[in-house]
Amino acid sequence: MTQITVGESQGTPRSSGLEPSVLHEWHVLNAMEEIPVGRPLRTRLFGVPVLAVQTPDGVSVWRTADTASSRAGEGDPLPVRVRYGYVWTSLGSPAHELFELPECDEPDRRLGHAGTFAVHTSAPRVVENFLDMAHFPFVHGGYLGVEPHTEVQDYDVAVSADRREVIARRCRFFQPMASLVAKEGFEVEYVYRVPHPYCAVLYKSSALYPERKDLIALVTRPVDEEHTSASLFQAMLDDQHSDVAIRQFQQLIFAQDKPILENQRPRRLPLDPRQETSVRADRMSAAYRRWLLESGVRYGTLAPAGSLP
Amino acid sequence: MTAVICETGAQWYPICALADLVPQHVLETELLGVDLAVWRSRAGELNVWHNRCPHRGVRLTLGANLGSELRCAYHGYRFASGTGRCQALPAHPNRSPPASMQVRTLACIEHAGLIWTSLDSAEPPTQWSLPDGPTSDLYPQHIAAPLSQVTTALAQHTWDFGHEVPTDASIVALLQPVNPRHTVIHGVLVGHVETTTLQHLRRAHAASLAGLRRVLEMEAPA
Amino acid sequence: MIRLYDYVLSADCYPVRLLLDFLRLEYERVGVDVYPGREHETEAFRRIHPLRRLPVLNDAGFIVRNTNAILVYLASAYDASGHWYPRADTRRLAETTMWLEFAHDLASTVGAARCHEMFGVDTDFERARSQGHALLHVLDEHLWLAARRGEPWLCEGQQPSIADLACFAQAALCEDGGLSRAAYPAVRRWMDRLRYLPGFQAMPGILAPPLPDIR
């Protein structure tokens, strides 16, 4: 497998050269809400043009020759799943189903799509930012963190027995406005879960029900190695605020991260631990990078020289 | 009045004016494809750094010039003026930052009101080809064209200062190769000029080079 | 009571929020689900703005639409100092108007590029970007020359005006539309002067300055 170096042209999609761990996986296209009947979605997945169409019979996805002019039926059909309000597809043949989020079925939760945003960086960079707490007081000051409450306490990181997920537990952080229902600042507990190379889920203490957790998910699609389509959705325990208010709070937080993400260099995530200096608070980010490397995931990353695909 | 283009000689290039390094500010520039963050400490120390935080690669130009330290916008890491060494990790207030948490710094000097730097650790020039005398900085013209094209165009450029100019003053153009597609023409007026004349000259000089830029950007490859 | 129909990510709404904060005015924010809900395109919203745009201000029943008009109204009605909209000084008033119009030009180029990238709005993206760069060059040269004359803002004098706020919003968010500010160092310095003003509020996409006790 050829290594892609920084600066190499993104012109030719290399789906035929996509590593198996990425090829035979489900990847999100967009929210159903954004692919209404009569408005097909034309976009790219790993540089490959795809077309998604919703009809009264359901959703179809096609791999097409180019994004501009293709119509449904003019390319190869791709498998489809509709989960959590999103359309998912694959360029290969997944042997498993998409990861589970049982909380999304709980009847008292507000499940909603917050938005899909184009980010000019690699998908793993977007995921890694989602897993990080140390930036809360600086990037999300007044909301998810505030100076001088900057310390990141130790937390636990583990890879699941089947190696399909990385999980961080016992993550704690003081937040002045953890969510719209929080009346005052409190120490929030987080669980972070990476069940997919380009997706992450967080569970954070609910201000309304101390023994339960709100769920926020980031599902990303690599458009190409340095462009990502990032979608956010949430399953919240909130009986007070409108869908719009919840949605716009999520958008606010994400849009605060966006300039940071777009100003990271290299854009692809370095998997060699020597390339960027980590500290103890970065244990989840280090575990994510190691997990990508060991799972054979390369798209959107810079693998260490000599590493096997 | 003469207009002079100065060859900088090997390796040292102007990247901004000293007057541009104002308090609480970090200047963003690029030299030969390397992103740079340039700032001045409250004590007056000049810093030309690689524009990249050693932690997660965020550009330091998004950060804050706190006076004696530059603070990265992402996790608040603070790097000391001069050394570029990390002084504090807000995520771990009781730990010392690792030695590798250090920004890459470049040597720099001030001459003729401009800041000069080199990507290698070459010694700064001991002799300069600029005329001697008091200097006033002129508007730096950023052009989306390669150095060679800008050099040629400047050599052929007809300057129109549109105002009576003192005969003992000269305008010097100095080139900064930003990357293969971009160049900055820095300008310095050498000689004593009174304020109103300087204001007129600055306007005329900027307009003249803006014309040059428009011509070059129509010619340069997209 | 002032009510503002607003979208948290809108570059057109932000100058109004900025001025409201600088003037320390209390107001009610009505969040409109512009994206992805397209609430501004509904028939119900047409009653608030016939052209279905934001921002819209309702001051105890008096309705003002569009960024520049709202800025002029708020500054005229509530700014005792008179520097945000200098009605008493003919020359400065003309300059302010000129740069408010420039801000509108920025919105239809730089701002359009941003809307294309962030919200999928259909536009001639390459043209928006190249025209946006041409405007930013003009802005950079103007600000450089003004600063060398000892004037820190768009218009004559030592105080910012609403024109600074309107142009700032577009310039500070231009990178969302794929326009880099690296070639506009005078714009970057002017942006920092504005960010460091007491009472400044950032918005998502614009980095907040460090807290005052750290500076």
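FYI, side chains are in, hydrogens and waters are out, and symmetry mates aren't considered; it's all heavy atoms of this structure. Just so it is clear, the model here is predicted, and its values are computed rather than measured. Just so it is clear: chains get the letters A, B, ... in the order the sequence lines come, proteins before strands, and each one is counted from 1.
Under a cut-off of 6.0 angstrom, the local environment of NE2 in C:H104 is sparse, with at most 12 non-hydrogen atoms contributed by other residues, nucleotides or ligands. Annotation for C:R193: atom CZ counts as buried by contact number, over 12 foreign heavy atoms lying within 6.0 Å. Annotation: C:E26, atom CD; neighbour count of heavy atoms from other residues, nucleotides and ligands within 6.0 Å does not exceed 12. For C:R38, the CZ atom sits in a loose shell: 12 or fewer heavy atoms of surrounding residues, nucleotides or ligands are nearer than 6.0 Å.
Contact count versus chain C (heavy atoms, under 4.5 Å) is highest, among B:D137, B:I143, B:L27, B:T195, for B:D137.
The two atoms that bring B:H142 and C:A182 nearest to each other are CE1-O, 3.7 Å, heavy atoms only. Annotation for C:W144 and B:D20: closest pair NE1-OD1, 4.2 Å, computed over non-hydrogen atoms. The two residues B:Y139 and C:E141 make their nearest non-hydrogen contact at OH-N, 3.4 Å.
A 4.5 Å side-chain heavy-atom check between C:P210 and B:R71 finds at least one atom pair inside the cut-off.
The line from NE2 of C:H137 to CZ of B:R214 is 10.0 Å long, rounded to the nearest 0.5 Å. A distance of 11.5 Å separates CZ in C:R149 from CG in B:L198, rounded to the nearest 0.5 Å. The structure places CZ of B:R202 at 8.5 Å from CG of C:L145, a figure rounded to the nearest 0.5 Å. Residue C:Y196 holds its OH atom at 10.0 Å from NE2 of B:H25, rounded to the nearest 0.5 Å.
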Criterion side chain to side chain contact (heavy atoms under 4.5 Å, CB included) on C:D192 and B:Q24, from CA distance to verdict: CA-CA 8 Å; C:D192 268 359; B:Q24 295 176 327; 6.0 Å; no

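For C:R188 (side chain) and B:V26 (main-chain N/O), a donor-acceptor pair under 3.5 Å exists by modelled atom type.
For C:H133, no part lies under 4.5 angstrom from a heavy atom of chain B. With a 4.5 Å cut-off on non-hydrogen atoms, B:T61 touches chain C through its backbone and its side chain both.
Under a 4.0 Å N-O distance rule, the pair C:D140/B:R213 does not qualify as a salt bridge.
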